[in-house]
Amino acid sequence: MENLNLNKIAKMIDHTELKSNSGQKKILNLCNEAKMFGFVSVCINPHYVKFAYEQLKNSDVLVCSVIGFPLGMNTSRLKALESEQAVTDGAKEIDMVINVGAMRDKKYDFIKDDIKQVVEVSSPSHVKVILETCYLTDDEIVKACQIAVEAGAHFVKTSTGFGAFGAFPHHVKLMRETVGQHIGVKAAGGISNFKDAIRLINAGANRLGTSAGVMILEGAKLFKFAPKAWLEPEIPCHICPSRHASISKLPKAVYTYYKKKCFNCEYRDKYNKFYE
Amino acid sequence: MNGWMGKIIKVDLSTGKQETVEVDDKIRRKYLGGRGLGVKLYTELCSPQIEPLSPQNALIFLTGPLTAVMPTSGRFQVISRSPLTNTICDSSSGGIFGAELKKTGIDGFIITGKAEKPVYLNITDDGIEIKDATHLWGLNTHQTKEVLLKETTSGASIASIGPAGENQVIFSAIMNDKDRAAGRGGMGAIMGSKNLKAIVTIGTKKIPVADPEGLKELLLKIDRLIDKNPVTGKSLQLLGTSVLVNVINAHGMYPTENFQRGVFNDAEGTSGEKIAEILLHKRSACFKCSIACGRSTKTADKEGEGPEYETVWAFGAQLGINDLTKITEANYACNELGLDTITTGSTIGCAMELYEKGAFPHELKWGDADILEILVEAIAYKRGIGAELALGSKRLAEKYGRPELAMQVKGLEIPAYDPRGVQGQALSYATSNRGGCHMRAYMIATEILGSPVFMDRYSIKGKPEIVALLQDISAVVDSMVLCRFLQFSISISTFTEMLNVVTGLDFSDEELLEVGKRIYTLEREFNSKAGFSRKDDILPSRFLEEELEEGSSRNRVVQLYEMLDRYYEIRGWDKNGVPTKETLNKLGI
């Protein structure tokens with residue numbers, strides 16, 4: 001890859017500000033930055049949707065609202081109500097969090113209905129379904145993607161950014177392979193530079209959720225002067241979810257799942273000495 | 001002409017004569033200003049064999065095309081041949097001096113000759129006056145400032161030397177705006193050798209800008225870029241550069257006791273967090289800077305500025321000292337006496353290891369904080385043991401038969417990142433034209449801080465390419481003349497926009513990078529003619545042969561030679577590290 005199309009990357013970025021301590025000035029800055037740098041949307045909490053819409057109504061930047069965020073444990077009815085309100089306030093995109101506990105309990109019908117209710121009330125706004133991949137095994141991710149597609153979602157999305165870890169190419173690739181080319185895949189969580197962005201795009205993401213969009217685009221301007229050097233592959237462990245699986249943050253079964261993968265990994269002997 | 005004021009004055013202190021130096025527009029476009037134009041003018045004025053402390057040597061002070069216009073643009077560059085390293089050298093300083101100088105209507109000035117008795121320069125809209133400074137000789141930099149402000153114009157910016165510069169200590173600094181320093185390479189000694197005590201400057205002229213509306217818009221964008229970057233928008237603001245103490249220590253590459261270890265057990269007690277907790281009085285900022293990384297601090301008895309990261313290390317971990325108050329007061333002393341804190345601390349560290357190994361007759365022990373200020377003063381006045389330490393680490397270690405114990409490259413002491421933990425930074429140290437400097441290509445940004453991307457710090461893959469690229473960009477930033485911290489948040493294209501909106505020229509990113517390459521290669525060409533070559537692009541054997549025993553950088557050495565050939569190839573230099581004729585021609589040198 002010798003050249004990066006920065007405009008194209010900007011149009012993949014949901015410029016994100018979801019912290020509970022973010023005041024209105026931050027959202028105003030976020031909206032101005034989105035216009036200045038050409039991002040596709042601002043991704044914000046529902047409280048600010050109306051305000052952001054007012055800032056952006058004369059631009060081509062969309063407002064995206066998170067729903068049931070960040071735990072996904074609200075009732076389906078509440079998620080639907082929250083979505084309805086967000087759409088009324090000007091949201092053109094809805095990023096809802098699934099009930100991860102129910103997913104792990106294999107309550108697939110419930111998950112499907114949970115998503116479907118949001119999709120129905122949000123139309124014609126698009127719905128992205130956040131799986132929170134850090135808490136799921138590969139099989140569960142595949143299943144969650146299938147359910148999301150069946151429920152009429154427009155995108156599947158890796159993470160809230162508030163979970164144990166964020167987006168990894170491994171999960172994005174799995175999600176893309178599952179949903180095919182007609183459904184979007186959004187990577188979010190921990191995307192802090194253009195190398196992260198390129199890796200996730202190459203893995204199949206066509207949307208990126210990040211608060212570092214400004215830095216990603218600015219940094220990427222250096223890319224053309226040493227493309228190969230900037231993208232020198234790292235030790236595979238650095239971008240492997242198993243390496244980032246933490247005993248204090250993950251359910252026992254998921255932690256064990258990842259560590260087992262790590263133990264059986266083909267790279268283990270070669271790179272184990274680099275563990276810090 | 002926009003951006004530049006179009007006037008550089010040459011002052012011969014031997015005769016008192018002044019003349020305007022003509023600079024062709026084409027030369028300005030090829031070298032910009034600051035470091036680049038300074039190196040170009042210097043290489044035309046002085047031979048590579050010139051004795052740095054002789055009257056024949058030239059000392060150049062320059063601003064750049066963005067000075068006094070853009071954020072962080074109060075800076076200036078000083079260019080000459082270093083008495084510490086004998087390489088070509090530029091030293092940069094912040095504050096407001098650069099902005100005030102440019103507002104007098106000149107881009108800078110060149111000092112040659114030697115005054116018969118101490119003098120200072122008073123630079124205003126009306127020109128340059130040479131004034132008697134006999135009454136200032138012997139004063140420290142703070143006292144000098146006080147006297148000169150009473151004598152000249154309130155609100156003026158003052159750059160001066162302290163006793164260290166007067167005594168021609170070869171790592172003495174030029175201090176401006178009280179506590180800002182053109183610290184590295186001994187530029188203060190050159191001022192001292194010319195009997196030039198100080199420069200006072202204040203101006204009122206407007207800087208011509210080609211596109212004022214475009215400038216307004218661009219400033220909004222720059223504000224966002226600075227604010228969104230976690231380094232410039234948060235860390236540097238809240239904790240100053242010492243935010244790095246805990247970070248680098250955690251990476252096992254915080255040089256301790258003259259780089260014998262990479263983990264300092266008392267790092268927390270000397271960290272940016274601790275400075276904020278017990279010493280910080282207020283943040284301080286240079287001209288038009290929203291980052292405000294400066295730390296105005298107070299101890300029980302004294303107040304001043306600092307310590308910043310390199311200084312807290314040089315008087316802390318490097319010497320095994322954990323007393324933050326003593327470290328801070330040693331920093332104050334260096335500011336007042338006019339000494340480079342990195343070389344001062346590192347040379348003391350070298351002496352401590354020499355003593356530990358039985359090679360140095362004076363008792364100097366790790367962790368002895370009580371001697372710090374005494375040693376700093378002794379160095380500035382070259383008294384007793386201070387006369388030995390005033391040699392700098394390279395000459396000191398050579399004198400006592402253990403040259404390998406000086407942690408330096410080309411005579412300039414390596415700062416606070418053990419190269420065994422960062423292969424790219426190691427290459428950057430080794431190939432730096434002014435010696436062991438972290439600022440020629442700050443690879444810590446990418447190898448530790450992930451800016452603009454994370455590169456594997458243990459790997460050598462891709463490092464020669466990125467080191468060369470960052471060296472070139474840094475040369476451009478030093479020549480425009482802006483603060484290097486902007487490089488965290490601003491990339492080459494935005495620098496190009498900044499230059500074009502102010503000058504009205506049509507630089508492309510590629511042309512601007514070629515300017516950087518040209519400057520770096522011209523510096524190298526000068527050094528080559530002065531006798532430097534591959535043999536000098538080397539690190540102390542400690543980094544090539546001895547592994548660190550603890551911390552996350554353990555069990556590694558620098559793979560320098562594996563990177564060096566590729567680096568030369570990228571640069572278009574021969575295997576001896578000398579620019580080829582073809583490269584010189586291609587770059588129009």
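Numbers restart at 1 for each chain; the letters A, B, ... are given by sequence-line order, proteins then strands.
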State, with a plain yes or no, whether a side-chain heavy atom of B/Glu465 is found less than 4.5 Å away from one of A/Trp230.
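B/Glu465 does not reach A/Trp230 side chain to side chain.
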Hey, does B/Val453 have a side-chain heavy atom less than 4.5 Å from the side chain of A/Phe223?
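Of all side-chain heavy-atom pairs linking B/Val453 with A/Phe223, none is under 4.5 Å.
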Rounded distance [0.5 Å steps], [atom1] in [X] versus [atom2] in [Y]:
X	Y	atom1	atom2	result
B/Met455	A/Lys195	CE	NZ	6.0 Å
A/Phe225	B/Leu513	CZ	CG	4.5 Å
B/Glu217	A/Met36	CD	CE	8.0 Å
B/Asn229	A/Met215	CG	CE	5.5 Å
A/Glu33	B/Leu225	CD	CG	8.5 Å
B/Lys228	A/His15	NZ	NE2	4.5 Å

Within the supplied structure, the quantity of interest is the number of heavy atoms (other residues, nucleotides, ligands) at a distance under 6.0 Å from [X] [atom1]; does it exceed 12?
X	atom1	answer
A/Tyr53	OH	no
B/Glu549	CD	no
A/Lys92	NZ	no
A/Lys259	NZ	yes
B/Lys288	NZ	yes
A/Lys173	NZ	no
B/Lys586	NZ	no

Which bit of [X] is near chain A, if near means a heavy-atom gap under 4.5 Å: side chain, backbone, both or neither?
X	result
B/Ser459	neither
B/Asn555	neither
B/Pro230	both
B/Thr446	side chain

Nearest heavy-atom neighbours spanning B/Pro452 and A/Leu222:
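B/Pro452 and A/Leu222 have their closest heavy atoms at CG-CD1, 3.9 Å.
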Do you know which two heavy atoms are closest between B/Gly462 and A/Ala229, and how far apart they sit?
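Closest approach of B/Gly462 to A/Ala229, heavy atoms only: O-CB, 3.5 Å.
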B/Arg224/A/Glu218 salt bridge by N-O under 4.0 Å criterion
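Between B/Arg224 and A/Glu218 there is no salt bridge, as every charged N stays at least 4.0 Å from the carboxylate O atoms.
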